[in-house]
Student: 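Right, I'll just put the structure down here and ask away after.
Just so you know, ligand 1 is whichever comes first in the structure, and atom 1 is the first atom listed for that ligand. Numbers here are sequence positions counted from 1.
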Amino acid sequence: MTTPTASDLEKRLTGAHLLVAHVALLGGILTGLLQALEHAGVQVPGPVDPLHAYYYQSVSMHGVLNVLVWTTFFICGFLPFLSARAYGIPLVSLRLGWLTFWVMLVGLVLAAIPLVGNAATVMFTFYAPLKAHWAFYIGLTLVVVGTWLVMLRLALTHRVWRAQHPGARTPLAAFMALVTFAMWTLASVGLAVEMLVLLIPWSLGLVAGTDPLLARTLFWFTGHPIVYFWLLPAYVSWYTLVPRQVGGKLFSDPMARASFLLFLILSTPLGLHHQVTDPGIHEGWKLFQAFLTFAVFFPSLLTFFNVVASLESGARARGGTGLVEWFGKLPWGDPSIAAQVLAMLMFCAGGIGGLINASYNMNLVVHNTSYVVGHFHATVGTAVTLSFMGISYWLVPHLAGRALWSRGLALVQSWLWFVGMLIFSTTLHELGLMGMPRRTMISQAAYLQPQWKALLPLVGVGGTLLFVSGVLYLLNLLLTLMVSGAPAPAVPDFAQAAASPEEAPMFLDRLRPWMVVAVVLIVIAYGPTLIHLVSTAALNAQGFRVW
Ligand code: HAS
Ligand code: CU
């Protein structure tokens, strides 16, 4: 027997994260199907109709499994894996890596028990005064602690690499992974405080009540930037791997770094755009944060420009011509590329919808309607999820040492997700504009409008296509692990996709000064509001269990 290499051992750790992520995704798509069918008005005959008997529990599980577990475990497996390859050295302390994994897994199990037992039917946003079992809050807190340990491991590795390469530019993929986790570590402070100071003592009965407005504000302090914690790993792939995969090169390395640094400073100080309708927060600060939301639009526009130019360089190298015709020359037969380019296309629509949400007065039209649900299925549900699927189509074969079971099936799956989401997300956007609320067992609502009823079957059709696509995806990966015989094909070149990373000016390869700017902006944007809310906090709201 040969002893496994450092890279083999790291692969196992990555594989463990991906396994948990995919189990969560299975739960996420199953519960998603139930909700889509409920909206479509389907009734299951028999004594217990699961679509209606478990609706709110199912929505809670769907949100937690998909946006908190699938994303986080995938990211904590993928980014460290990529960093090690980009640095060209093993990450420090495999033991710390496994410790992190187990902390996160224990946290997940702890949170999952009340969730499955209907003692945490509080949605993925767990707004007080909805009250869950303490194990739910402590479990999720442990998952967050795990992500901090990932940050620690990346930072320690960076130090080792830096000592060996003084003056050199950090490899782009490693730099981006570091910025992503640095941003998240700053951003997650709000959630940590909410858990440790408000929700955990409250759920344990140590304090009699809580303050819903303060809890919500701390939640959104983290709840907005968390969407970039999901998005940036997809961007890492779009910037550093996809250009190589399509046979081109990254258009601009410095512009890519600048975009990530803008995310570092701008992601957090704008969570109030989720609280435009909340009373008790001064309008001036909401408006200020609305402007900052428009500012964080900019690094995505940089990304759009840079990634399209990189795709174009690849397509032209493959014989593509014309102003837009080159788009057809991308390697559409490669499922990893098809999935990710379709994800990008969907993100164009999702991102523009985000601007509508962010527009102070228009938010009043769409807030708490199914428009928002349409928005986040185009963003986290497709830009991120379909990109992660595309990444899995090379990463899982690479980890397993076996070729993907079926490339054809993977292509069908990617298109099916795109088409399913086009139907699903567009319809929900439209229903939202007609005033249909989100997070509601709508088929049973006394106020169900005939014009909603006419469109709702499309939600069922889209949701069913997404479910089928998700099953095909998981099946393909399972068969890759179990029966695929062929050896894995070559993986994309990890190091750097840019022509030369040395082009980037040094100030774009530093983290500390930008962290300082980020903290200053957070203090300005949140300071007065938090001081006001803390000084007027009344811990007197009783917990509710509504379902
Ligand atoms: Fe959002 C609500 C505003 C991005 C997720 N968002 C949500 C919720 C979630 C979510 C989950 O201001 C609901 C939370 C809840 O439960 O209540 N969002 C924005 C804005 C952006 C944005 C301005 N959101 C995201 C991303 C998410 C996400 C990313 C997940 C990953 N969102 C809001 C607001 C709300 C909100 C309000 C609150 C609504 C309410 O009232 O409740 C922007 O960051 C978007 C910028 C993106 C773009 C797209 C650029 C396109 C690119 C693709 C390149 C394409 C290529 C291919 C290369 C401008 C980068 C094309 C090729 C060609 C040839 C064309
Ligand atoms: Cu947001």
Side-chain angles (χ1 to χ4, degrees), residues 59 63 66-68 71 75 123-127 187 216 219-235 238-239 242-243 246 251 259 262-263 266-278 286 289-312 314-315 320 323-328 330 337 340-360 362-388 432 438-439:
V59 180
N66 281 339
V67 303
L68 301 183
T71 51
I75 293 162
M123 314 280 151
F124 84 93
T125 44
F126 39 89
Y127 288 152
R216 285 166 73 89
F219 178 85
W220 286 117
F221 181 103
T222 302
H224 176 74
I226 201 175
V227 312
Y228 299 123
F229 179 58
W230 307 327
L231 179 70
L232 294 188
Y235 275 11
W238 298 0
Y239 273 119
V242 168
V246 301
F251 174 75
S259 153
L262 283 172
F263 276 115
L266 290 174
S267 286
T268 306
L270 36 91
L272 288 186
H273 70 218
H274 293 266
Q275 297 178 269
V276 173
T277 59
D278 281 17
K286 292 180 185 171
Q289 296 208 8
F291 285 127
L292 285 176
T293 306
F294 282 94
V296 82
F297 195 58
F298 185 65
S300 279
L301 291 185
L302 288 182
T303 302
F304 181 94
F305 180 80
N306 212 348
V307 173
V308 172
S310 311
L311 290 179
E312 186 176 344
L323 204 58
V324 284
E325 295 93 313
W326 59 263
F327 203 61
L330 290 170
I337 288 304
Q340 294 188 72
V341 175
L342 291 174
M344 293 171 196
L345 285 175
M346 184 68 77
F347 190 46
C348 295
I352 292 167
L355 279 193
I356 309 240
N357 294 342
S359 304
Y360 200 90
M362 275 199 274
N363 183 270
L364 303 180
V365 178
V366 298
H367 183 64
N368 272 343
T369 72
S370 67
Y371 186 95
V372 175
V373 184
H375 164 69
F376 67 67
H377 280 85
T379 51
V380 64
T382 304
V384 173
T385 294
L386 193 51
S387 289
F388 287 2
R438 65 185 283 203
R439 292 177 156 172

Student: Nearest to the Cu ion (ligand 2), which N, O or S atom of His273 do we find?
Tutor: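 That would be atom NE2.
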Student: Nearest 0.5 angstrom please: His274 NE2 to Asn357 CG, how far?
Tutor: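 Going from NE2 on His274 over to CG on Asn357, the span is 8.0 Å.
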Student: For Leu231, counting its heavy atoms only, list the atoms of ligand 1 lying under 4.0 Å from any of them.
Tutor: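 In order of number, 29 (C).
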Student: Once the angle between the rings of Phe124 and Phe219 is folded into 0 to 90°, is it parallel (under 30°), tilted (30 to 60°) or perpendicular (over 60°)?
Tutor: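 Because their plane-to-plane angle is over 60°, the rings of Phe124 and Phe219 count as perpendicular.
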Student: At what distance, to the nearest 0.5 angstrom, does CG of Asn368 lie from CG of Asn363?
Tutor: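 One gets 9.0 Å once the value is rounded to the nearest 0.5 Å.
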Student: Please determine whether the number of non-hydrogen atoms from other residues, nucleotides or ligands lying under 6.0 Å from atom CZ of Phe298 exceeds 12.
Tutor: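 It does not: Phe298 CZ has 12 such atoms or fewer within range.
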Student: If I apply the N/O under 3.5 Å rule, does Trp326 come out as touching ligand 1?
Tutor: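 No; every N/O pair is 3.5 Å or more apart.
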Student: What distance separates Ile337 CD1 from Leu311 CG, expressed to the nearest 0.5 Å?
Tutor: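 One finds 7.5 Å between CD1 of Ile337 and CG of Leu311.
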Student: For ligand 1, which atoms have a heavy atom of Val308 less than 4.0 angstrom away?
Tutor: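 Selected atoms, number and element: 56 (C), 58 (C), 62 (C).
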Student: Asn363 versus ligand 1: do any nitrogen or oxygen atoms come within less than 3.5 Å of each other?
Tutor: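 The answer is yes, given that Asn363 and ligand 1 share an N or O pair closer than 3.5 Å.
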Student: At less than 4.0 angstrom from any non-hydrogen atom of Tyr235, what atoms of ligand 1 do you find?
Tutor: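 Listed by number with element: 60 (C).
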Student: Only heavy atoms count here, so choose which of Phe297, Phe263, Tyr228 is nearest to atom 21 (C) of ligand 1.
Tutor: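 The option holding the nearest heavy atom is Tyr228.
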Student: Report yes or no: does Lys286 contribute a side-chain atom to a donor-acceptor pair with the main-chain N or O of Asp278 at less than 3.5 Å?
Tutor: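 Looks like yes, one N/O pair under 3.5 Å.
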Student: For atom 37 (C) of ligand 1, what is the nearest protein heavy atom, given as residue, atom name and distance?
Tutor: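 For this ligand atom, the closest protein heavy atom is Asn357 CB, 3.2 Å.
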Student: What do you reckon, are the aromatic ring centroids of Phe347 and Phe304 less than 6.0 Å apart?
Tutor: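 Ring centres of Phe304 and Phe347 not closer than 6.0 Å.
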Student: Counting only N and O atoms by type, is there a donor-acceptor contact under 3.5 Å from the side chain of Gln275 to the main-chain atoms of His273?
Tutor: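 No, because the side chain of Gln275 does not come within donor-acceptor range (under 3.5 Å) of the backbone of His273.
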Student: Answer yes or no: is there a donor N or O on one side and an acceptor on the other, between the side chain of Gln340 and the main chain of Trp238, under 3.5 Å?
Tutor: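 Judged by distance alone, no pair lies under 3.5 Å.
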Student: For Val373, does its backbone N or O pair with a side-chain atom of His377 as donor and acceptor, under 3.5 Å?
Tutor: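 Pair found, side chain donor or acceptor close to backbone of Val373.
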Student: So which protein heavy atom does atom 62 (C) of ligand 1 come closest to, and at what separation?
Tutor: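 Checking every protein heavy atom, the shortest distance to atom 62 (C) of ligand 1 gives Phe327 CE1, 3.6 Å.
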Student: I want to confirm something. Looking only at heavy atoms, which of His224, Met123, Gln340, Met344 is nearest to atom 56 (C) of ligand 1?
Tutor: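 Ranked by closest heavy atom to atom 56 (C) of ligand 1, first place is Met344.
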Student: Is there a heavy atom of Tyr371 sitting under 4.0 angstrom from any atom of ligand 1?
Tutor: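 No; Tyr371 lies far enough from ligand 1 that no heavy-atom distance drops under 4.0 Å.
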Student: With a cut-off of 4.0 Å, which atoms of ligand 1 are near a heavy atom of Thr293?
Tutor: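 Checking each atom against Thr293, I get 23 (C).
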Student: Is a side-chain donor-acceptor pair under 3.5 Å present for Tyr239 with Ser310?
Tutor: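 Distance-only check fails for Ser310 and Tyr239.
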Student: Using heavy atoms and a 4.0 Å limit, tell me yes or no: is Phe294 in contact with ligand 1?
Tutor: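 Phe294: no contact with ligand 1 (<4.0 Å).
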Student: About how many Å separate CG of Leu68 and CD1 of Ile226, when rounded to the nearest 0.5 Å?
Tutor: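 The distance works out to 5.5 Å.
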Student: Counting heavy atoms only, name the option from Ser300, Ala234, Ala358 that's nearest to atom 60 (C) of ligand 1.
Tutor: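 The residue whose heavy atom sits nearest atom 60 (C) of ligand 1 is Ser300.
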Student: Report the atom name of the nearest N/O/S atom of His224 relative to the Cu ion (ligand 2).
Tutor: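 Closest N, O or S atom of His224 to the Cu ion (ligand 2): ND1.
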Student: Relative to the heavy atoms of Val384, which atoms of ligand 1 are at a distance of less than 4.0 Å?
Tutor: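 In order of number, 31 (C).
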Student: Would you indicate whether Phe291, at its atom CZ, is surrounded by more than 12 heavy atoms from other residues, nucleotides or ligands within a distance under 6.0 Å?
Tutor: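 Not buried by this count: 12 neighbours or fewer within 6.0 Å.
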Student: Using a strict 4.0 Å cut-off to heavy atoms of Trp220, name the atoms of ligand 1 that fall inside it.
Tutor: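 The list of qualifying atoms is 14 (C), 15 (C), 17 (O).
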Student: How far is atom 26 (C) of ligand 1 from the closest protein heavy atom, and which atom is that?
Tutor: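 For this ligand atom, the closest protein heavy atom is Thr379 CB, 3.6 Å.
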Student: Please state which option from Phe219, Phe347, Phe305 has its nearest heavy atom closest to atom 29 (C) of ligand 1.
Tutor: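 Answer by nearest heavy atom: Phe347.
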Student: If you measure from atom 61 (C) of ligand 1 to every heavy atom of Leu364, Thr382, Val341, Leu345, which option wins on shortest distance?
Tutor: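 Selected option, by shortest heavy-atom distance: Leu345.
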Student: Rounded to the nearest 0.5 Å, what's the gap from CD1 on Ile75 to CG on Leu232? Could you check?
Tutor: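 The CG atom of Leu232 is 9.0 Å from CD1 of Ile75, to the nearest 0.5 Å.
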Student: Could you find the nearest protein heavy atom to atom 31 (C) of ligand 1 and give me its residue, atom name and distance?
Tutor: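 Answer, as residue, atom name and distance: Val227 O, 3.3 Å.
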Student: Nearest to atom 16 (O) of ligand 1, what protein heavy atom do you find, and at what distance?
Tutor: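 In this structure, atom 16 (O) of ligand 1 has Arg438 NH2, 2.7 Å as its nearest protein heavy atom.
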Student: Quick check on contacts: which atoms of ligand 1 are under 4.0 angstrom from a heavy atom of Val307?
Tutor: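 Checking each atom against Val307, I get 58 (C).
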Student: For His367 and Tyr371, I'd like to know if the aromatic rings sit close, meaning centre-to-centre distance below 6.0 Å.
Tutor: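 Ring centroids of His367 and Tyr371 are no less than 6.0 Å from each other.
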Student: Please work out whether any backbone atom (N, CA, C, O) or any side-chain heavy atom from C-beta onward of Val372 is under 4.0 Å from ligand 1, and answer side chain, backbone, both or neither.
Tutor: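 The part of Val372 near ligand 1 is the side chain, not the backbone.
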Student: So if I count the atoms of ligand 1 from 1 in the order they appear, which ones are less than 4.0 Å from some heavy atom of Phe124?
Tutor: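 Those qualifying, in numeric order: 16 (O).
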Student: May I ask you to identify the nearest protein heavy atom to atom 19 (C) of ligand 1, giving residue, atom name and distance to one decimal place in Å?
Tutor: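 The answer is Gly354 CA, 3.6 Å.
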Student: To check your reading of the model: name the closest protein heavy atom to atom 24 (N) of ligand 1, its residue, and the distance in Å.
Tutor: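 Result: His375 NE2, 3.1 Å.
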Student: What is the closest protein heavy atom to atom 65 (C) of ligand 1, and at what distance does it sit?
Tutor: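 Checking every protein heavy atom, the shortest distance to atom 65 (C) of ligand 1 gives Phe304 CZ, 3.8 Å.
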Student: Report the distance from atom OG1 of Thr382 to atom CG of Leu345, rounding to the nearest 0.5 Å.
Tutor: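 Atom-to-atom, Thr382:OG1 and Leu345:CG are 11.0 Å apart.
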